[in-house]
Amino acid sequence: MILQVQLFARVRELIGDECCSLELSTGSTVATIRSALGSRYPQAKDLIARSAVAVNCEFAANERVVDDVDEIAVIPPVSGGGR
Amino acid sequence: MILQVQLFARVRELIGDECCSLELSTGSTVATIRSALGSRYPQAKDLIARSAVAVNCEFAANERVVDDVDEIAVIPPVSGGGR
Amino acid sequence: MIQLTRDPIDHAALTELVRKPGCGAVVTFLGTVRDLTGNEETVALEYEAYPAMAEQMMATIADELRDRWPVAGVALVHRLGRLDVGEVSVAVAVSTPHRPDAFAACRYAIDRLKEVVPIWKKDIGPAGNQEWIHPDASATN
Amino acid sequence: MIQLTRDPIDHAALTELVRKPGCGAVVTFLGTVRDLTGNEETVALEYEAYPAMAEQMMATIADELRDRWPVAGVALVHRLGRLDVGEVSVAVAVSTPHRPDAFAACRYAIDRLKEVVPIWKKDIGPAGNQEWIHPDASATN
């Protein structure tokens, strides 16, 4: 199956796109997505390791199984609010 | 000496005036003021007992000696702010 | 800014007043006239002050804030006279570099104001009944 | 009211929005763009969000507030895009019957927002240097 993964902030800039496609086997999990992204984009690997993954706008555990209808996003450590 | 004492809120209403004059001997203290007011206005005695006395816009202890140039006020328990 | 006023409090202006480039956080507290206290209905409150002392003590509270927290701007304004339900009786605005200090300083200011500043309110009920509020030392208000 | 916006935040309107006759207390927090962080100078911040998730999580925070405190009105608004020093990036306004709850709920809302809502800022320095802020889990921000 083909998954679309949304990218933000420094992860987006390191990968150079707002979104990327991953071809993964059925039954893949959030952990599979992390390792696929880390292999394809070694420049973003460390930050992805510190990032969360959201499935359908909710934070998801590594064990979460994903499907090609799910909305997937990498959420690097957030920093909203004032400064 | 003659002291002018400013009155506020329920103390003012119980005594019926914004201000009252007390004739006291030199060397009188805040405690003297309290007992003079309590004797003259028994209807306000309980609330005066729960009130503070300010001398020159500062809270004053009972031992504080007062003079006829001092600005004296009875400060019943305060209740500023929202509700 | 320290003020007693008989006019409606322009809280937005106070918030703007305390904003500074060096401050990342502004906390504004508004105390308003609530319609119910327990089961007792309030239709209005009437505020009275000992103005000279009230302003002096409000200035002292602002000084205490600056001593205890890195406060860049502080505004304390209390309204006097008759206020209807929903109106703003007191406003406190504080700015600091970081948010925990802004919350702590604003909270301290309103707590102190209610404890020590010589201002009193008279509760006016629906039947025209009136009662000055003079809390016991033990009561929370 | 939950909103992400590219326009300046009208904090006075938010404060007005949450005022209710049953509420004696309103606390409004503004997070603004500070000029210095330690010795590092900021000339602007650029905010980016994952909008669908950010709005959903802000709504969840508002629900948590209503579960934990007797909140009558709550507004959470975050601005996106480029902001100059002094501009308001986030506003939280909360009303409750009594003031301790208003302070606690407002503080909780901004703390949670900064912890979990997918919004990010890029720091822009005086030499045009740019850095995305992605704090370590252990860092306070």
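Note that the coordinates shown come from a computational prediction; the quantities given were computed from them, not determined experimentally. Each chain gets a letter, A, B and so on, in the order its sequence line appears, and its residues count up from 1.
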Looking at [X], I want to see if its [atom1] is surrounded by more than 12 non-hydrogen atoms of other residues, nucleotides or ligands under 6.0 Å.
| X | atom1 | answer |
| --- | --- | --- |
| B:Gln43 | CD | yes |
| B:Arg12 | CZ | yes |
| C:Lys122 | NZ | yes |

Can any side-chain N or O of [X] pair as donor or acceptor with the backbone N or O of [Y] at less than 3.5 Å?
| X | Y | answer |
| --- | --- | --- |
| C:Tyr47 | B:Ser79 | no |
| C:His134 | B:Arg10 | yes |
| C:Trp120 | B:Pro76 | yes |

Residue-level interface, residues 4-34 of chain C with chain B, non-hydrogen cut-off under 4.5 Å: C:Gly31, C:Thr32, C:Val33, C:Arg34
Residues of residues 50-59 of chain C within contact distance of chain B, non-hydrogen under 4.5 Å: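 Against chain B, the residues of residues 50-59 of chain C that fall inside the cut-off (heavy atoms, under 4.5 Å) are C:Tyr50, C:Ala52, C:Met53, C:Gln56, C:Met57.
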Write down the atom of C:Val116, the atom of B:Val78, and the distance for their closest heavy-atom approach. N-CG2, 4.1 Å
Under a 4.5 Å cutoff for heavy-atom pairs, which residue among C:Leu36, C:Leu113, C:Ile119 has the most contacts with chain B? C:Ile119
Measuring heavy-atom distances to chain C, does B:Glu58 have an atom under 4.5 Å in its side chain, in its backbone, in both, or in neither? both
Which residues pass the side chain to side chain donor-acceptor pair (under 3.5 Å) test with B:Gln4, sequence neighbours left out? B:Ser21
Sorted by number, residues from residues 60-73 of chain B in contact with chain C (heavy atoms, under 4.5 Å):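 The residues closer than 4.5 Å to chain C, in numerical order, are B:Glu71, B:Ala73.
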Structural part of C:Glu87 lying under 4.5 Å from a heavy atom of chain B: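 Neither; nothing under 4.5 Å.
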Heavy-atom distances under 4.5 Å only: say whether C:Asp35 touches chain B with side chain, backbone, both or neither.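 It is neither, since no heavy atom gets under 4.5 Å.
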